[in-house]
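Sequence lines set the chain letters: A, B, ... in the order given, protein chains first and strands last, and positions in each chain run from 1.
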Protein chains: 2
Amino acid sequence: MSSLTLKDVAKVAGVSYATVSRALSGSPEIGEKTRQRILKLCDEMGYTPNSVARSMVMKHTNIIGLILASIDNPFMSELTVHLEIYARELGYNLMVCNSSYNQKLERDVFRLLLSRKVDGIIILPISHSSDESLQSLTSQVPTVFVSENMQDLPENYISIDNTRGMKIATDYLYSLGHRKIVYLGARKNSVTHALRVEGYTSTCKKHGIEPIIIESNYPRSSHEAGYLLAREYFSKSHDETAILCASDSLAIGVMHAAYEKGIRIPEDLSLMGFDNISFASLPPINLTTINQPKQELATSAMDLLIQHINGTESGYSSKLVSPSLVIRGSCLARNKEINANGGPHA
Amino acid sequence: MSSLTLKDVAKVAGVSYATVSRALSGSPEIGEKTRQRILKLCDEMGYTPNSVARSMVMKHTNIIGLILASIDNPFMSELTVHLEIYARELGYNLMVCNSSYNQKLERDVFRLLLSRKVDGIIILPISHSSDESLQSLTSQVPTVFVSENMQDLPENYISIDNTRGMKIATDYLYSLGHRKIVYLGARKNSVTHALRVEGYTSTCKKHGIEPIIIESNYPRSSHEAGYLLAREYFSKSHDETAILCASDSLAIGVMHAAYEKGIRIPEDLSLMGFDNISFASLPPINLTTINQPKQELATSAMDLLIQHINGTESGYSSKLVSPSLVIRGSCLARNKEINANGGPHA
DNA sequence: TGAATTTGTGTAAACGTTTACGATAGCTGT
DNA sequence: ACAGCTATCGTAAACGTTTACACAAATTCA
């Protein structure tokens with residue numbers, strides 16, 4: 001099982017192993033005929049270069065670490081596909097670690113990746129982790145944050161423009177004739193959520209309507225949380241015509257609660273999500289939402305990280321990518337008799 | 001940015017770097033007082049062991065490679081969470097590569113992982129890849145296949161019992177009174193699909209009902225494929241009372257096509273999926289299906305791989321884990337009168 | 001007490017690369 | 001023909017560990 005080394009092929013080629021190394025690495029200081037001969041021999045013998053030995057001397061591994069809460073989160077897994085494919089194009093491999101929504105684990109895996117000598121780390125931090133302990137870690141390796149900002153690290157941060165996204169959403173609902181729009185699922189301790197709420201409230205004020213915010217104390221924006229939140233809200237008096245959710249997952253929970261109450265979507269209630277996770281496009285869900293361009297997010301984050309790794313600090317700065325409206329079937333115009341698009345089941 | 005080495009801490013500790021190494025590795029041949037002193041010093045200085053240097057001499061990396069079609073596939077991402085967490089418990093890290101449903105890429109990343117000197121590889125092969133080219137690769141490193149079998153590699157293979165799963169599904173539908181059950185989405189060139197089809201047909205024969213199979217020529221079992229397949233089927237005459245899909249994704253597409261045709265689920269038509277991906281439990285979908293125990297699949301695969309890595313061939317053999325029925329809201333009991341009428345929709 | 005054993009620590013080799021440096025051979029130009 | 005180049009290749013050091021071996025000090029035992 002132990003594989004061939006440079007020495008092995010050097011021996012049968014009758015050259016020194018430095019020559020073989022040069023043949024493989026495309027060095028100019030080697031004769032073209034010997035290079036061809038050696039390349040052919042390597043292929044025949046089935047030689048596979050040992051990249052850990054290479055890393056040892058080159059002092060970089062071409063591995064980048066990815067830390068996220070849980071890869072089965074659809075937003076995160078979509079992002080990861082693009083991250084991995086793009087990284088590979090650039091000559092890097094991805095080492096993925098789940099922090100399992102646990103701050104201690106998040107730091108532990110960070111340290112683990114540090115000892116793995118990854119060249120850089122991309123992290124989708126768990127919401128509440130704006131503590132200092134991560135700070136001391138991030139100074140040890142190029143790091144870029146995706147989606148969730150830490151207040152004090154604005155320079156290596158990629159995200160969509162959350163505020164603008166919620167402005168677009170609120171404007172859309174307003175343009176449909178909605179005047180009672182409730183925002184569901186605001187969470188404390190999250191910069192992302194604060195920015196989204198701001199987009200909503202500022203747009204409400206612009207249009208002279210009153211913002212109504214349902215806060216969430218649940219640790220995650222799951223559909224279970226959305227269900228619980230909405231069920232409680234529906235049990236009291238309510239006269240809103242539209243609900244704008246802080247995330248698609250929450251919106252799916254709201255659909256459930258609405259169905260139980262006999263509230264039809266979108267006929268009785270318009271519903272919007274945020275993120276455009278893959279769920280949202282599923283026919284039975286068919287949720288109008290705000291898209292996060294995952295691929296652009298991924299390549300931007302990777303580009304930024306690579307820049308930092310290569311020390312070309314020139315363009316090293318955070319970036320906000322643009323959200324966009326995705327119209328599906330969960331919203332309906334009010335007070336006008338337009339019955340254009342169908343319901344969530346259309 | 002360049003981090004401390006053993007020599008650095010040895011220098012300030014006033015000992016040789018071998019001693020520091022021994023303190024860190026928990027070697028018995030070192031005084032307890034010096035060990036404590038050194039450990040404390042390492043902590044103070046912020047020393048991080050270089051695991052690539054360690055790999056160099058130990059001849060193993062404690063990295064295992066994971067190859068899958070696309071991590072945003074919900075089944076695969078759920079599996080990956082468990083794989084990664086369990087691997088980490090066992091002292092391994094995961095290097096994840098997407099093959100993007102591309103056979104050439106699948107082989108390329110395999111070779112890449114080989115040069116990374118991963119200790120083992122877990123692969124969810126793309127369906128048609130029962131070719132020999134992978135064979136020559138898998139002989140070079142411990143490998144276990146998950147979910148999709150290759151006919152000629154039965155020893156390192158973890159999967160659920162696909163046949164039994166479809167037997168359970170068919171039996172369930174039969175027990176609900178269904179006598180016209182169509183199987184939708186069978187795909188050629190896939191052992192998994194062949195096994196599932198067999199479970200279905202054998203159970204049909206057992207009950208004396210006729211198997212009706214809709215084959216799929218689409219490359220993946222996506223909901224788009226399910227929609228297209230079902231739409232075409234619904235456009236012809238049909239009198240089935242239940243559709244059993246080869247996967248949950250297909251079932252979601254069938255839901256869509258049924259809705260368009262005005263066929264209500266489950267009132268007019270019972271629908272079952274297979275896999276129990278996270279989608280299936282979403283309230284608007286609420287699909288009755290067969291569960292694949294992802295965590296058991298993951299730990300079994302990892303255990304098998306580690307066994308092989310450690311050379312303890314004793315228990316090294318493939319394993320079939322048990323599928324189970326998950327009853328949700330997409331199936332209804334059917335009595336014989338309605339069935340005799342030839343179906344609710346014509 | 002002296003020898004034998006144990007315990008703790010240092011020395012050095014090894015892992016498989018890359019690459020600076022040196023050496024040799026073949027050229028060039030005059 | 002000879003100095004100076006260039007092109008090609010070999011030698012050896014380096015990367016940061018682990019660990020076999022050597023060896024000194026401390027302990028044990030007769």
Ignoring hydrogens and geometry, is there a side-chain-to-backbone donor-acceptor pair from B:Thr143 to B:Val141 under 3.5 Å? yes
Is A:Ser115 reaching over with its side chain to a backbone N or O of A:Leu112, donor-acceptor style, under 3.5 angstrom? yes
Are B:Arg111 and B:Asp108 ion-paired here, with the side-chain N under 4.0 Å from a carboxylate O? yes
Look at the side chain of B:Arg54 and the backbone N and O of B:Lys59, then say whether any donor-acceptor pair between them is shorter than 3.5 Å. no
Under the salt bridge (Lys or Arg N to Asp or Glu O under 4.0 Å) test, which residues partner A:Arg37, sequence neighbours left out? none
I need the CD-C1' distance between A:Gln36 and D:dT8, as an integer number of Å. 16 Å
So, A:Asp119 side chain and A:Thr61 main chain: donor-acceptor pair closer than 3.5 Å or not? yes
If you look at every strand shown and take non-hydrogen atoms under 4.0 Å, does B:Thr34 touch a base, only sugar-phosphate, or nothing? sugar-phosphate
For the helix from C:dT1-D:dA30 to C:dT30-D:dA1, what is the angle between the axes at its two ends, each from 5 pairs, rounded to 10°? 40°
What's B:Val15 touching, base or sugar-phosphate or nothing? Going by heavy atoms closer than 4.0 Å. sugar-phosphate
How close or far is atom C1' of D:dA24 from atom CD1 of B:Ile30, stated in whole angstroms? 16 Å
Tabulate atom names and distances for all N/O pairs under 3.5 angstrom spanning the protein and nucleotides 17-21 of chain C.
{"unit_1": "C:dT17", "atom_1": "OP1", "unit_2": "A:Tyr47", "atom_2": "OH", "d": "2.7"}
{"unit_1": "C:dT17", "atom_1": "OP1", "unit_2": "A:Asn50", "atom_2": "N", "d": "3.4"}
{"unit_1": "C:dT17", "atom_1": "OP2", "unit_2": "A:Leu6", "atom_2": "N", "d": "2.8"}
{"unit_1": "C:dT17", "atom_1": "O5'", "unit_2": "A:Tyr47", "atom_2": "OH", "d": "3.3"}
{"unit_1": "C:dT18", "atom_1": "OP1", "unit_2": "A:Arg54", "atom_2": "NE", "d": "3.0"}
{"unit_1": "C:dT18", "atom_1": "OP2", "unit_2": "A:Ser21", "atom_2": "OG", "d": "2.4"}

Length of the line joining B:Lys11:NZ and C:dG10:P, which is rounded to integer Å: 14 Å
Hey, could you give me the CD1/CG distance between A:Ile121 and A:Asn156, rounded to the nearest 0.5 Å? 11.5 Å
Short side-chain to backbone donor-acceptor contact, B:Thr5 and B:Lys7, under 3.5 Å: yes
Between D:dG16 atom P and A:His60 atom NE2, what is the distance in whole Å? 14 Å
